Amino acid sequence: MKNMGAQFLIVTVFLALASSLAFASDPSPLQDFCVAVDEPEAALFVNGKFCKDPKLATAEDFFLKGLDVAGDTSNKVGSNVTQVNVAQIAGLNTLGVSLARIDFAPYGLNPPHTHPRATEILTVLEGTLYVGFVTSNPENRLITKVLNKGDVFVFPIGLIHFQFNTGHTNAVAISGFSSQNPGVITIANSVFGSKPPISDDVLAKAFQVEKNVVDYLQAQFWVNN
């Protein structure tokens with residue numbers, strides 16, 4: 001009986017681990033689509049959204065226009081991200097994909113950030129970008145590449161990464177994500193621009209700098225990209 005109990009425990013743990021891996025990204029849909037609606041027009045509630053009655057779905061639920069329009073890059077970092085996720089296309093709900101257009105002014109930067117729920121695959125449409133990501137602790141290895149028009153680069157899920165326009169002309173890229181809502185955590189914004197602010201005692205010790213440096217950084221206006 002003890003052996004059977006031990007075997008049962010092992011199988012249970014294995015299944016639990018397998019399940020956690022299976023749901024490491026957006027869960028697979030169990031229907032053709034689930035067009036997200038804010039009001040409960042149907043009883044089905046999937047991925048945090050109510051689903052429209054499939055019979056009422058139209059082409060507009062799966063459509064967005066205007067991605068050919070450049071984003072406004074007149075900000076401190078010189079870049080603009082136009083998101084196309086479930087918030088913009090309701091029909092993306094439960095489908096596990098989304099994308100974004102990224103515009104760069106000359107020498108514009110998409111600052112170091114992470115996507116907690118998605119791997120990103122980026123294609124350069126115009127210009128030249130210096131891109132990279134940092135591996136997790138303890139190695140923290142920087143992996144970088146200079147990309148030209150038509151080049152593709154992948155940023156693994158959850159890792160800090162960036163894109164920088166090294167040229168004196170505008171640059172444009174399109175990114176695809178393995179989530180309907182990949183999320184974004186811009187490192188500087190989160191650390192120095194949190195509301196309320198993180199204690200300067202904590203940040204001074206974490207970054208091994210004087211408190212006045214932390215105070216200066218917290219006083220800056222951090223651009224949400």
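Because the structure is predicted, anything quoted here is derived from the model rather than measured.
Judged by distance alone, with hydrogens and angles left aside, the side-chain atoms of N165 form a donor-acceptor pair with the main-chain N or O of A105 at under 3.5 Å. No donor-acceptor pair closer than 3.5 Å links the side chain of D200 to the backbone N or O of K211. Judged by distance alone, with hydrogens and angles left aside, the side-chain atoms of T114 form no donor-acceptor pair with the main-chain N or O of G158 at under 3.5 Å. With H113 contributing its side chain and I187 its backbone, the two residues share no donor-acceptor pair below 3.5 Å. Under a 3.5 Å cut-off, the side chain of D201 and the backbone N or O of K205 do not form any donor-acceptor pair. When atom types are taken as modelled, the side chain of R101 and the backbone of D68 share a donor-acceptor pair closer than 3.5 angstrom. Listed for the E126 side chain is no donor-acceptor partner under 3.5 Å among the backbone atoms of V172. Within the 3.5 Å criterion, the main-chain N or O of T119 finds a donor-acceptor partner in the side chain of S178. Remark: side-chain polar atoms of N93 are not paired, donor with acceptor, to backbone N or O of A90 under 3.5 angstrom.
Counting heavy atoms of neighbouring residues, nucleotides and ligands inside a 6.0 Å radius, atom CD of Q220 exceeds 12 of them.
Both Y216 and V209 are members of a single hydrophobic cluster when ILVMFWY side chains are connected at heavy-atom separations under 4.5 Å. V202 and V213 fall within the same hydrophobic cluster, defined by Ile, Leu, Val, Met, Phe, Trp and Tyr side-chain heavy atoms under 4.5 Å apart, directly or through other members. Transitive grouping of hydrophobic side chains (ILVMFWY, heavy atoms separated by less than 4.5 Å) brings F104 and V81 into a common cluster. Hydrophobic clustering (ILVMFWY, side-chain heavy atoms < 4.5 Å, transitive): V97 and L67 are in one cluster. Residue I174 is grouped with residue I89 when hydrophobic side chains (ILVMFWY) are merged at heavy-atom distances under 4.5 angstrom, including chains of intermediate members.
Nearest heavy-atom pair across G71 and D103 is N-OD2, 2.8 Å. For the residue pair S194 and I198, the shortest heavy atom distance occurs at OG-N, 3.2 Å. The two residues T166 and Y107 make their nearest non-hydrogen contact at O-CE2, 3.3 Å. Counting all heavy atoms, side chain and backbone alike, A204 lies closest to V214 at N-CG2, 3.7 Å. N181 and R117 make their closest contact through O-NE, 2.7 Å (heavy atoms, listed as atom of the first residue, atom of the second, distance). Listed here is the closest heavy atom pair of S98 and P182: OG-CD, 3.4 Å.
If you take OG on S79 and CG on D72, they are separated by 10.5 Å, rounding to the nearest 0.5 Å. Note: S179 OG to H115 NE2 = 10.5 Å, rounded to the nearest 0.5 Å. Here the straight-line distance linking atom OG1 of T144 with atom CZ of F153 works out to 7.5 Å at 0.5 Å rounding. One finds the CG atom of L99 at 10.5 Å from the CD atom of Q83 (value rounded to the nearest 0.5 Å).
Between F33 and F62, the angle of the ring planes goes over 60°, which puts this pair in the perpendicular group of the 30/60° scheme.
In this structure, the side chains of N85 and F177 stay at 4.5 Å or more apart for every pair of heavy atoms. Contact annotation: the side chain of V134 never approaches that of L159 to less than 4.5 Å [non-hydrogen atoms, C-beta and beyond]. Within the 4.5 Å cutoff, the side chain of N148 has no heavy atoms near those of the V124 side chain. Under the 4.5 Å side-chain criterion, counting only non-hydrogen atoms from C-beta, V35 is not in contact with C51. Residues K145 and D151 have side chains not in contact (no heavy-atom distance under 4.5 Å, counting atoms from C-beta outward). Using a 4.5 Å heavy-atom cutoff, the side chains of N110 and L129 are not in contact.
For the ring-ring contact (aromatic ring centres under 6.0 Å, His included) test, no residue two or more places apart in sequence or in another chain qualifies with F133.
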side-chain contact (heavy atoms from CB on, under 4.5 Å) between I102 and L122, intermediate numbers included: CA-CA 10 Å; I102 313 172; L122 177 142; 4.1 Å; yes
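Y130 and F162 have their aromatic ring centers within a separation under 6.0 angstrom.
When only modelled atom types and interatomic distance are considered, N80 and T73 share no side-chain donor-acceptor pair under 3.5 Å.
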